[in-house]
Amino acid sequence: MAPARRLPPVVSEGYEKKGEFISLGSLEKAYVTGPKETGRAIVVVYDVIGYSSQTIQGADILAWSANAQVIVPDLLQGDFADHSWIPPDTPEKLQRWQRWYAERGDPLTYLEPLASVAAALRNGGAQKIGLCDAFMKALESKPFAAKNDRKRYDTMHHGWAAARGDLNDEQNLKEFQDVYGRIATFIDKIFDQK
């Protein structure tokens, strides 16, 4: 596995975004950060809780460290799961979670909006587009798995590198820095291939 690269300092509280929200493709809202002129674009899919300072900071880190434009499209169009539902440990939370998931949980519904974002990026000059999402389990069984850089973070809970991350927690902060450094290193390797 590739070592994680050095990143700009991670801000635990009060992070100020570097990019901006714009409309892109068929979506009314997408967070965009980083240089457009490099021809490199990374599309980051946020978790079900939506935009968070951790996700925005992660996008800014990838833009800086991979010298790429990073886009976080609002695939859920503002209809996010509520952080208070997790874990769904009461009947009320479980009912709310199940109702939301039944309406918004099919990943196939997001293929068309993602394709529209990719088309808009290509029309805007992006020559290489990467997708960053948490499909590690699905990728481990594929024939191309050996070409991927994978690392399991067994001590971390779901969402630790996104909306549910606690960057005031020393271990969470350390792993947050590690995963974004690894992603940037891997993206560089992929984008630099002929």
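All residue numbers in this chain count up from 1 along the given sequence. Since the model is a prediction, treat every value here as computed from it, not as a measurement.
Residue Ser26 holds its OG atom at 7.5 Å from CD of Gln77, rounded to the nearest 0.5 Å. Here the straight-line distance linking atom NE2 of His157 with atom CG of Asp169 works out to 8.5 Å at 0.5 Å rounding. Here CG of Leu75 is found 12.0 Å from CD of Glu112. Values are rounded to the nearest 0.5 Å. With values rounded to the nearest 0.5 angstrom, Thr38 atom OG1 is found 5.0 Å from Asn67 atom CG. The line from CG of Asp89 to CH2 of Trp97 is 13.0 Å long, rounded to the nearest 0.5 Å. One finds the CH2 atom of Trp85 at 11.0 Å from the CD atom of Gln95 (value rounded to the nearest 0.5 Å).
Pairing each heavy atom of Gly105 with each of Pro107, the nearest pair is O-CD, 3.1 Å. Taking each heavy atom of Pro35 and Ala63 in turn, the nearest pair found is CD-O, 4.2 Å.
The side chain to side chain contact (heavy atoms under 4.5 Å, CB included) search around Val10 returns Gln57, Ile61, Leu167, Leu173, Phe176, Gln177, not counting sequence neighbours. Residues passing the salt bridge (Lys or Arg N to Asp or Glu O under 4.0 Å) test with Asp79 are Arg104, sequence neighbours excluded. Partners of Leu108 by side chain to side chain contact (heavy atoms under 4.5 Å, CB included), not counting sequence neighbours, listed by chain and number: Asp106, Leu111. For Arg164, there are no salt bridge (Lys or Arg N to Asp or Glu O under 4.0 Å) partners two or more places apart in sequence or in a different chain. Under the side chain to side chain contact (heavy atoms under 4.5 Å, CB included) criterion, Thr90 pairs with Glu92, Lys93, not counting sequence neighbours. Residues satisfying the ring pair (Phe, Tyr, Trp, His ring centres under 6.0 Å) test with Tyr51, not counting sequence neighbours, are Phe21, Tyr46.
The shortest distance between side-chain heavy atoms of Thr33 and Gln69 does not fall below 4.5 Å. For the pair Ile71 and Ile42, the minimum side-chain heavy-atom distance is 4.5 Å or more. Counting heavy atoms from C-beta on, the side chains of Pro73 and Leu114 come closer than 4.5 Å. For the pair Asp82/Ile49, no side-chain contact is recorded, criterion being any heavy-atom separation below 4.5 Å from C-beta on. Counting heavy atoms from C-beta on, the side chains of Glu175 and Thr155 come closer than 4.5 Å. Considering only heavy atoms from C-beta on, Leu62 stays 4.5 Å or farther from Ile187 through its side chain. Residues Arg182 and Lys151 are in side-chain contact: their nearest non-hydrogen atoms beyond the backbone lie under 4.5 Å apart.
Judged by distance alone, the side chain of Asn172 and the main-chain N or O of Gly165 form no donor-acceptor pair under 3.5 Å. Without hydrogens or angle criteria, Arg40 side chain to Ala126 main chain gives no donor-acceptor distance under 3.5 Å.
The 12-atom threshold is exceeded at OH of Tyr110, counting heavy atoms of other residues, nucleotides or ligands nearer than 6.0 Å. With a 6.0 Å radius and a threshold of 12 heavy atoms from other residues, nucleotides or ligands, Gln171 has its CD atom above the threshold.
In this structure, Val48 is not a member of the same hydrophobic cluster as Leu94, with clusters built from ILVMFWY side-chain heavy atoms closer than 4.5 Å.
With Tyr31 as the partner, the side-chain contact (heavy atoms from CB on, under 4.5 Å) test is satisfied by one option alone out of Ile56, Asp74, Thr55: Ile56.
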TODO: Give the C-alpha distance, both sets of side-chain angles, the deciding distance and a yes or no for side-chain contact (heavy atoms from CB on, under 4.5 Å) between Val72 and Val43.
DONE: CA-CA 6 Å; Val72 186; Val43 178; over 6 Å; no
